[in-house]
Structures are given as structure tokens and as C-alpha cells.
Amino acid sequence: VIVSIFLLFGFGILLAGNIAAISILLQFFLDINYETAVILISFTIFVYCFRGGILSDIYSDIWQTILFLAGTIGAFVFLAYNNDFFGVTFAKETLQGLNLNQLTSIENGALINWATIFSLGFGNIVAIDFASRILSAKSPGDAKKGCYLGGFLTLLFGIPFAFLALYIQKMGIAEESGVPILITLSQTYLPTILSALLVAGIISVSLSTIDGAMLSMGNILTSNLINIQNNLNFKDKKENEKTSLYFSRLSLLPIACGAMIFSMLLPSPGVLLTVAFDIMFSALLVPFVMAFFVKNISSKAALAAIIFGSV
């Protein structure tokens with residue numbers, strides 16, 4: 001129960017961070033109020049998750065991934081072709097950016113940077129949407145292959161996205177007050193079609209996180225906390241499962257409303273994402289990971305680890 005509460009709280013903040021990120025983009029590109037964008041995004045995701053469940057998540061993720069790849073690779077190829085790829089890659093400014101001062105010097109923010117790296121990196125191990133995909137694999141071997149493939153594809157398509165920062169620096173694009181620098185890049189330097197694809201890709205990545213996490217949270221709320229299935233008395237097992245699924249999807253409404261309120265109160269995606277994974281990293285990582293390596297596991301030890309990590 002305690003773990004479920006921590007997961008719901010952490011992922012609620014994660015949802016808020018992704019909703020805030022999308023809403024900020026929509027605010028600039030569609031010229032709408034931030035709060036209006038938050039409500040629109042929350043309602044849209046709730047509707048298609050409620051109607052389609054995990055199938056809507058799977059099918060929408062496919063198109064969201066295609067959009068992200070098209071936008072990122074298209075922008076990378078365009079900038080590389082027009083700005084001397086090798087010249088930018090091996091420029092003095094680029095090589096200076098590869099130094100490790102920000103990881104070794106406290107004056108340059110090493111403590112904060114390492115805390116963020118550990119929070120996002122190790123906190124993701126406890127992510128319920130990732131864990132649900134691994135646990136649904138046909139065998140441990142398939143789960144391992146999926147993890148390796150996911151890591152490889154992350155490097156393959158994540159590195160070109162990282163190169164966008166080099167071109168931003170090379171072209172001297174400055175961050176304007178209140179305007180994300182990627183928006184300045186897409187509006188000023190990229191062709192309209194590539195600009196639309198890049199922004200749509202970034203939005204799609206956030207949507208992919210939101211719908212998967214929202215469905216996982218609904219399952220935790222109804223199965224672990226409320227324990228709907230054990231309170232149903234239908235003789236037909238399928239009827240029990242159908243009713244449990246209905247309540248699981250219905251629980252998406254308060255989850256969406258909670259995330260919507262968080263994103264309105266703190267419209268700072270970076271802070272929200274870091275706090276979300278910091279909660280899971282500090283409170284849940286040790287009992288989750290050590291359960292695979294320690295033979296004599298106990299609920300008391302897990303509870304002590306959760307309390308100590310939280311404090």
C-alpha cells in the first residue's frame with residue numbers, strides 16, 4: 001500500500017511535468033492560454049485512454065514514435081547539411097562543451113548535476129510503465145532482448161537530437177525570455193514542414209509517457225489500493241474482470257484532474273520531472289532492486305528502506 005501511494009504521488013508529478021511541457025509548446029504555437037492548453041491536453045488523453053485502454057496506448061505510441069523520429073532526424077539532416085557537420089562536431093566550442101567541469105567542480109554545479117543524473121537514471125528503474133512492459137514479456141529472455149533493443153534505439157535516435165544543441169550553439173541562437181530555445185530554433189531556422197514535425201515529435205514523446213503512466217496509475221489505484229477485484233462477487237470470472245477494468249478506467253478521471261492541478265500550480269516541466277523521479281529514486285529504488293539479490297527478504301526491511309530513503 002505504501003509503495004502504491006509513493007508511485008501514485010511520483011507519477012502524478014511526472015504526468016504534470018509532461019502536461020506542462022506540451023501546454024507550453026501549444027501556448028506558443030497555437031497562441032492559446034496556458035491553463036486552456038492544460039485542460040485540453042488532460043481531457044484529450046483521458047478520453048482516448050478511457051475508450052481504448054492499453055490498446056490506445058500501444059497504437060498511439062507507434063505513430064508518436066514515427067513523428068518523433070521523422071522530426072528529429074529531419075531537423076538533424078537539414079542542419080548538418082547546411083552547417084558543415086564535421087566543422088560543427090569538431091569545432092573548438094564543441095570540444096570545450098565536452099569537458100567534465102560540470103561533473104567535477106562544485107562551483108559549476110556538480111552536486112546538482114549528479115543529483116539530477118542519479119534521480120532520472122536510477123529513478124526510471126522503478127517506473128511502473130516500464131516495469132509493466134517488462135513483466136508482460138513472454139519470457140525473461142524476451143524482456144532482456146527488449147531492454148537491450150530499447151537502449152540501442154535510444155542511443156541511435158537520441159544522439160541526433162543531442163546534436164541539435166551543438167547547432168543551436170554554433171548558430172548563436174539565444175534563449176529568449178519565456179521562450180524555449182527549441183521553439184526559437186524551429187520558428188526561425190527550420191523549414192515549416194520540419195518545424196511542424198520536430199514540435200509534433202516532442203509533443204508525441206510526452207503524450208507517450210502520459211498515456212502509459214496514466215493507465216499504470218489507474219491499475220495501481222484500483223488493484224492495489226482499492227482492491228476492486230476482491231470486492232466483486234460475480235460468479236462469472238469474465239464479468240469480474242470486465243467490471244474491474246471499468247473501474248480501472250474510471251479512476252483515470254481523478255488521476256487526470258490531479259495531474260492537471262499540479263501542472264497549473266507549477267508550470268515548470270524540468271522541475272516536476274526531476275522531483276517525480278527523485279521521489280521514486282530515494283524511497284523505492286533500494287527495496288525494489290535489493291529484492292532481486294537478497295535471499296531473506298521481508299516486508300519490515302522494505303518498510304525501513306522506504307522510510308529511511310524518504311527521510
Side-chain angles (χ1 to χ4, degrees), residues 14-15 17-26 28-30 41 44-45 48-49 52 54-86 88-89 94 120-121 124 127 129-130 132-134 136-137 142-171 173 180-216 269-270 273 277:
L14 175 67
L15 292 182
N18 281 278
I19 291 173
I22 298 175
S23 300
I24 289 172
L25 291 176
L26 293 181
F28 285 103
F29 277 90
L30 300 182
I41 290 297
T44 301
I45 297 173
Y48 81 73
C49 284
I54 190 63
L55 291 179
S56 65
D57 178 26
I58 294 172
Y59 289 126
S60 62
D61 280 358
I62 295 174
W63 293 107
Q64 288 160 0
T65 302
I66 292 173
L67 272 177
F68 174 73
L69 296 181
T72 301
I73 295 175
F76 170 72
V77 171
F78 176 82
L79 293 174
Y81 179 78
N82 290 280
N83 292 277
D84 183 14
F85 172 74
F86 292 103
V88 172
T89 303
T94 302
L120 296 178
N124 257 305
D129 53 340
F130 293 161
S132 63
R133 288 169 171 81
I134 293 173
S136 63
D142 288 339
K144 183 182 292 186
K145 291 176 183 176
C147 290
Y148 283 129
L149 179 61
F152 172 75
L153 292 176
T154 299
L155 289 175
L156 182 63
F157 299 114
I159 291 176
F161 190 82
F163 264 93
L164 296 182
L166 299 181
Y167 291 111
I168 288 173
Q169 182 183 30
K170 180 69 176 178
M171 292 184 293
I173 301 175
I181 199 166
L182 274 175
I183 291 191
T184 303
L185 170 69
S186 61
Q187 288 182 329
T188 309
Y189 294 90
L190 294 178
T192 303
I193 182 64
L194 286 180
S195 174
L197 282 174
L198 179 62
V199 174
I202 296 172
I203 291 175
S204 296
V205 171
S206 293
L207 287 174
S208 175
T209 301
I210 292 172
D211 54 25
M214 188 179 288
L215 288 168
S216 298
L273 294 178
F277 285 111

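In this structure, M214 CE and I19 CD1 are separated by 5.5 Å, a value rounded to the nearest 0.5 Å. Atom CG of residue N18 and atom OG of residue S206 lie 4.5 Å apart, to the nearest 0.5 angstrom. The OG1 atom of T72 sits 7.0 Å away from atom CD1 of I202, with the distance rounded to the nearest 0.5 Å.
Checked against side chain to side chain contact (heavy atoms under 4.5 Å, CB included), A196 has no partners two or more places apart in sequence or in another chain. In this view, L67 and L197, A200, S204 satisfy the side chain to side chain contact (heavy atoms under 4.5 Å, CB included) rule, not counting sequence neighbours. By the side chain to side chain contact (heavy atoms under 4.5 Å, CB included) test, L149 is found to be paired with L153, residues two or more places apart in sequence or in another chain being considered.
Legend: side chain to side chain donor-acceptor pair (under 3.5 Å) pairs involving residues 143-152, not counting sequence neighbours: none detected.
Residue I203 forms a side chain to side chain contact (heavy atoms under 4.5 Å, CB included) with just one option from I41, L198, I22, and that option is I22.
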